[in-house]
A.B. asks: 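Below is the structure I would like to discuss, written out as structure tokens.
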Number of protein chains: 2
Amino acid sequence: MILSTRGRYGLKMMLELALNYGKGAMSLKDIANKQSLSDTYLEHLISPLRKNGLVNSTRGAQGGYELAKPPNEIKAGDVIRVLEGSLAPAKCVLEDEPECSNADYCATRLLYEKITESINNVIDSISLQDMVDDYYTLNNTNVKRRSENE
Amino acid sequence: MILSTRGRYGLKMMLELALNYGKGAMSLKDIANKQSLSDTYLEHLISPLRKNGLVNSTRGAQGGYELAKPPNEIKAGDVIRVLEGSLAPAKCVLEDEPECSNADYCATRLLYEKITESINNVIDSISLQDMVDDYYTLNNTNVKRRSENE
DNA sequence: TATAAATCCGAGTTTATTACTAGGAATTAA
DNA sequence: TTAATTCCTAGTAATAAACTCGGATTTATA
């Protein structure tokens, strides 16, 4: 039950945009290069993010993308849900899905509901800003550790 | 990020076996019929469950399967992990997976680790016995509700 | 105003995974 | 001995994931 590249690449893109927040638009090509991903593929991912109000775009030369809101106002869950849909482990838990005929009798569904809830708790509690902070923490720690070894 | 049929059908099978616990072996055909699933497909799922010590089999006529342990000693997580592998949302979190080259710098990985942990907490806290109890609760509630309406 | 750098859009392709089916050997109760 | 069952492996069909490609549109800038 692995997150598809949509969610994973999408999070990487958004992290990149968060790191660049306040510094103007960033082109898809730049994002793709930094993350070693295909820019033609990323197009398909950034489009829904834009349509859902998470990023703004500027067309034309020197154009690009930037976060539509400050990084602390965008949760990992916002990104994931746009690109992957809900992370529920079974269709019967999804809101828009018609209940399966034996919903009342289905004890596995209770399990799926609990899993869904716990996943949502995590992804809605972590913002892009948190990830940026983690990024710098990891980076600094690593740099320090490396120089200590030398 | 939906659980595949392996995990979902597997849980249904194990719930069926848990409901039948202590009443002798149950044939795959019976399980499949009760759950309206293909018995030839379920063969592929029960085989690893047996090899991992979750069910015992009796071959030959009148044979079948039964839980290898009481339902309260088998967690949903045991079943899911045998059939789906770990529920981690990205490969980099798996134990046996080599770390990705930028593990130290990767802020998305921290997110995946938290998701994994929260899923594991849920699936390892719910036993087949809990699901059996839920099954009867749902069933009774529903029967009562139905008769009240009539 | 021409050009190049971008976003935007949809159709198509390739690859991988999922979800099975089929056939037959081995086992065992009746 | 027969019928019911597990066990095993190979194959196939269907679906989804992961992209590529071509071209239209927009816009800064030389």
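Residue numbering restarts at 1 for every chain, and letters A, B, ... go by the order of the sequence lines.
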A.B. asks: Please determine if a side-chain N or O atom of B:S38 lies less than 4.0 Å away from the OP1 or OP2 oxygen of C:dC20.
C.D. replies: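 Negative; the distance criterion is not met.
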A.B. asks: So, are B:E16 and B:K12 salt-bridged, with charged N and O less than 4.0 Å apart?
C.D. replies: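 Salt bridge: no.
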A.B. asks: Do the side chain of A:S47 and the main chain of A:H44 share a donor and acceptor less than 3.5 angstrom apart?
C.D. replies: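 Not at all, since once roles are kept as given, no pair shorter than 3.5 Å links the two residues.
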A.B. asks: Have a look at B:I46 and say if it touches a base, only the backbone sugar-phosphate, or nothing, with a 4.0 Å heavy-atom cut-off.
C.D. replies: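 The answer is nothing, as B:I46 stays clear of every strand by at least 4.0 Å.
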A.B. asks: Is the shortest side-chain N/O distance from B:T5 to OP1 or OP2 of C:dT18 below 4.0 Å?
C.D. replies: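 B:T5 to C:dT18 OP1/OP2: no side-chain N or O under 4.0 Å.
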A.B. asks: If the cut-off is 4.0 Å, is B:Y41 near the phosphate of D:dA13, judged by side-chain N/O to OP1 or OP2?
C.D. replies: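 It does not, given that no N or O in the side chain of B:Y41 lies less than 4.0 Å from OP1 or OP2 of D:dA13.
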A.B. asks: Between C:dT7 and A:S47, is there an OP1 or OP2 to side-chain N/O distance shorter than 4.0 Å?
C.D. replies: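 So the side chain of A:S47 is outside the cut-off, no N or O lying under 4.0 Å from OP1 or OP2 of C:dT7.
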A.B. asks: Is the side chain of B:Q129 donor-acceptor paired with the backbone N or O of B:P70 at a distance under 3.5 Å, no angle test?
C.D. replies: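 No, B:Q129 side chain to B:P70 backbone: no donor-acceptor pair under 3.5 Å.
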A.B. asks: If you pin A:G60 and B:E43 to their nearest nucleotides in DNA chain D, which one's is more 5'?
C.D. replies: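 Its nucleotide being nearer the 5' end, the pick is B:E43.
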A.B. asks: Looking at A:R50, does any N or O in its side chain come under 4.0 Å of the phosphate oxygens OP1/OP2 on C:dC8?
C.D. replies: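 Answer is yes, contact under 4.0 Å.
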A.B. asks: Mind calculating the distance between OH (B:Y9) and P (C:dA19) to the nearest angstrom?
C.D. replies: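 Interatomic distance, OH of B:Y9 to P of C:dA19: 7 Å.
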A.B. asks: Check the phosphate of D:dT5 against B:S57, side-chain N and O only, distance under 4.0 Å to OP1 or OP2. Yes or no?
C.D. replies: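 No, B:S57 has no side-chain N/O under 4.0 Å of OP1/OP2 on D:dT5.
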A.B. asks: Using a cut-off of 4.0 Å on non-hydrogen atoms, how would the nucleic acid contact of A:T58 be classed: base, sugar-phosphate, or nothing?
C.D. replies: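 Sugar-phosphate only.
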A.B. asks: Whether the side chain of B:N120 engages the backbone of B:E117 through a donor-acceptor N/O pair (distance < 3.5 Å, no angle test) should be reported.
C.D. replies: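 A pair under 3.5 Å: no.
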A.B. asks: Could you tell me the separation between the NZ atom of B:K51 and the P atom of D:dC7, rounded to a whole number of Å?
C.D. replies: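 In whole Å, D:dC7 P lies 9 Å from B:K51 NZ.
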A.B. asks: Identify which nucleotide among C:dC8, D:dA18, C:dT27 has an atom closest to any side-chain atom of B:R59, counting heavy atoms from C-beta outward.
C.D. replies: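 Nearest listed nucleotide: C:dT27.
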A.B. asks: Counting only side-chain heavy atoms from C-beta out, which of C:dT21, D:dT6, D:dT20 sits nearest to A:H44?
C.D. replies: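 Between C:dT21, D:dT6, D:dT20, the one nearest the side chain of A:H44 would be D:dT20.
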